[in-house]
Amino acid sequence: MNLVNIGEKRVFVADCDDLCSQVADEVEALLRGGEEVVLGLATGSTPLPLYAELIRRHREEGLSFAKVTSFNLDEYEGIGRDNYRSYWAEMWENLFSHVDIDPEKVHVPPSHFENAEVAAAEYEARIREAGGIDWQLLGIGRDGHVGFNEPGSDGETRTRRVDLADETREDAAPTFGGLEYVPTHAMTMGVGTILEANRIVLIARGAGKKEIVVEALTGDVGPHVPASYLRGHQNVGWFLDYAAAGIDA
Ligand code: F6R
């Protein structure tokens, strides 16, 4: 694990195993602290090795999720929880089914709703009722999105219904078996919602993320790169693999 500077921020750079183990240590410290813990969780490919490591620690080392309340960042609109492409299903498949989390304490934004504003406000209210997010995990999109806060999302945005950017839909096309099957909308926590977490951990893996990570860390802060707003938060850990950091291993 190396600590390097990109712009004014210190970032952790390591191979995938070391990164995940370091981030898993943070989660483990919280979970073993004895208090109720509110985790903000992400889907996509980035967190999968982390989730695998957390499952291993649960199975082999007794790491318990009994005191965890979770809030996922986002969900596609219009696909049911029984559809394996939904983020609800993805979370159960890759983490929740394998640990002792209380299903009642799992929250993922709704994919179906009558009134988007009401549904979004309810999600925000649940986060507040849980006492706010202690620890928020993020990946980053190639266009700089966090959650599904696409370019144009400013730092004050709250949970809401959003249009998905073309690039985001193209990235999801293989999973959906073609661009025409990728939902056009989603429900996402806002950048402002994310920034209220006590601790934020962003993981980026792969050369495809290098350009946007550098932009987020060194370019202008603004809605053109929603991830850039993280630089205004006091407690963000940036965890990059060598490829995403543009450093030879
Ligand atoms: C997923 C999410 C997205 C992803 C981002 C990166 O819940 O909020 O912002 O983190 O699109 O996706 P992957 O990890 O698949 O590269």
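Judged by distance alone, the side chain of Asp102 and the main-chain N or O of Glu104 form a donor-acceptor pair under 3.5 Å. Judged by distance alone, the side chain of Asp241 and the main-chain N or O of Ala14 form no donor-acceptor pair under 3.5 Å. A distance-only check finds no donor-acceptor pair linking the side chain of Asn83 to the backbone of Gly80 [under 3.5 Å]. Between the His185 side chain and the Val162 main chain, no donor and acceptor come within less than 3.5 Å of each other. Put simply, the side chain of Thr159 never gets that close to the backbone of Ala120: no donor and acceptor are under 3.5 Å apart. Asn149 places a side-chain N or O within donor-acceptor distance of the main-chain N or O of Met189, the cut-off being under 3.5 Å. Although no hydrogens or angles enter the test, the distance criterion places a donor-acceptor pair under 3.5 Å between the side chain of Arg231 and the main chain of Ala216. Looking only at distances, no side-chain donor or acceptor of Ser111 sits under 3.5 Å from a matching main-chain atom of Glu77. A donor-acceptor distance shorter than 3.5 angstrom exists from the side chain of His107 to the backbone of Ser70, with no hydrogens or angles considered. Between the side chain of Lys209 and the backbone N or O of Arg142, no donor-acceptor pair lies under 3.5 Å.
Taking a 6.0 Å sphere around CD of Glu8, one finds it holds 12 or fewer heavy atoms contributed by other residues, nucleotides or ligands. Glu61 CD: more than 12 foreign heavy atoms inside a 6.0 Å radius.
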Working for side-chain contact (heavy atoms from CB on, under 4.5 Å), residues His145 and Ile140: CA-CA 6 Å; His145 71 216; Ile140 182 170; over 6 Å; no
Determine whether Asp18 and Phe12 satisfy the following criterion, side-chain contact (heavy atoms from CB on, under 4.5 Å), listing intermediate values before the conclusion. CA-CA 10 Å; Asp18 277 357; Phe12 295 92; over 6 Å; no
Step by step, work out the side-chain contact (heavy atoms from CB on, under 4.5 Å) result for Val4 and Arg10. CA-CA 6 Å; Val4 300; Arg10 258 172 129 47; over 6 Å; no
Between Leu41 and Leu95, is a side-chain contact (heavy atoms from CB on, under 4.5 Å) present by the stated rule, with each step listed? CA-CA 10 Å; Leu41 297 176; Leu95 180 64; 4.1 Å; yes
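One hydrophobic cluster, built from ILVMFWY side chains closer than 4.5 Å, holds both Val225 and Leu240. Val23 and Val99 fall within a single hydrophobic cluster, where Ile, Leu, Val, Met, Phe, Trp and Tyr side chains are chained together by heavy-atom contacts under 4.5 Å. Hydrophobic clustering, with ILVMFWY side chains joined whenever heavy atoms are under 4.5 angstrom apart, groups Val11 together with Val213. The hydrophobic clustering, which links ILVMFWY residues whose side-chain heavy atoms are closer than 4.5 Å, places Phe113 and Val108 apart. Placement of Leu137 and Val68 within a single hydrophobic cluster is found when ILVMFWY residues are connected by side-chain heavy-atom separations under 4.5 Å, directly or transitively.
Proximity of Glu93 to Tyr84: side-chain heavy atoms (C-beta onward) are nowhere separated by under 4.5 Å. Looking at Leu39 and Asp134, their side chains never come closer than 4.5 Å, going by heavy atoms from C-beta outward. When side chains are defined from C-beta on, Leu30 does not count as touching Glu28, because their heavy atoms never get closer than 4.5 Å. Proximity of Val106 to Phe71: side-chain heavy atoms (C-beta onward) are nowhere separated by under 4.5 Å. Residues Phe176 and Ile79 meet the side-chain proximity criterion, which asks for heavy atoms closer than 4.5 Å. Contact check for Val201 versus Val236: no side-chain heavy atoms found under the 4.5 Å cut-off.
The pair Glu53-Arg56 counts as a salt bridge, with a side-chain nitrogen and a carboxylate oxygen less than 4.0 angstrom apart. With respect to Lys67 and Glu35, no salt bridge is recorded, no charged nitrogen being found less than 4.0 Å from a carboxylate O. Of the charged side-chain nitrogens involved, none lies within less than 4.0 Å of a carboxylate oxygen, so that Glu90 and Arg85 do not count as a salt-bridged pair. Taking the charged nitrogens against the carboxylate oxygens, Glu215 and Lys210 have no contact shorter than 4.0 Å, which rules out a salt bridge. Ion pairing between Glu117 and Arg158 fails under the 4.0 Å rule for side-chain N and carboxylate O. For the pair Asp25 and Arg57, the salt-bridge criterion is met [side-chain N within less than 4.0 Å of a carboxylate O].
Under the 3.5 Å distance criterion, with hydrogens and angles disregarded, no donor-acceptor pair is assigned to the side chains of Arg126 and Thr69. Defined by atom type and a distance below 3.5 Å, a donor-acceptor pair is present between the side-chain atoms of Glu124 and Thr193. A donor-acceptor pair shorter than 3.5 Å cannot be found between the side chains of Arg161 and Asn115. Using modelled atom types, one finds no donor on one side chain facing an acceptor on the other under 3.5 Å when comparing His58 with Ser64.
Put simply, OG on Ser86 and CE on Met91 are 11.5 Å apart, with the number rounded to the nearest 0.5 Å. Between Leu50 atom CG and Ile55 atom CD1 the span is 9.5 Å, to the nearest 0.5 Å. One finds the CG atom of Leu138 at 5.5 Å from the CG atom of Leu73 (value rounded to the nearest 0.5 Å). We find the CD-CD1 distance between Glu122 and Ile127 to be 12.5 Å, quoted to the nearest 0.5 Å. The distance from the CZ atom of Arg169 to the CG atom of Asp166 is 7.0 Å, given to the nearest 0.5 Å. Atoms CG and OG1, from Asp74 and Thr188 in turn, are 4.5 Å apart once rounded to the nearest 0.5 Å.
Arg81 forms a cation-pi arrangement with Trp88, by the criterion of a distance under 6.0 Å to the ring centre and an angle within 45° of the ring axis.
A side-chain hydrogen bond (donor to acceptor under 3.5 Å, both in side chains) with Arg199 is found for one member of Gln136, His233, Glu26 and no other, namely Glu26. Screening Val37, Ile194, Val38 for a side-chain contact (heavy atoms from CB on, under 4.5 Å) involving Ile133 leaves a single residue, Val38.
Note: Tyr51 and Phe96 fail the aromatic proximity criterion, with ring centroids not under 6.0 Å apart.
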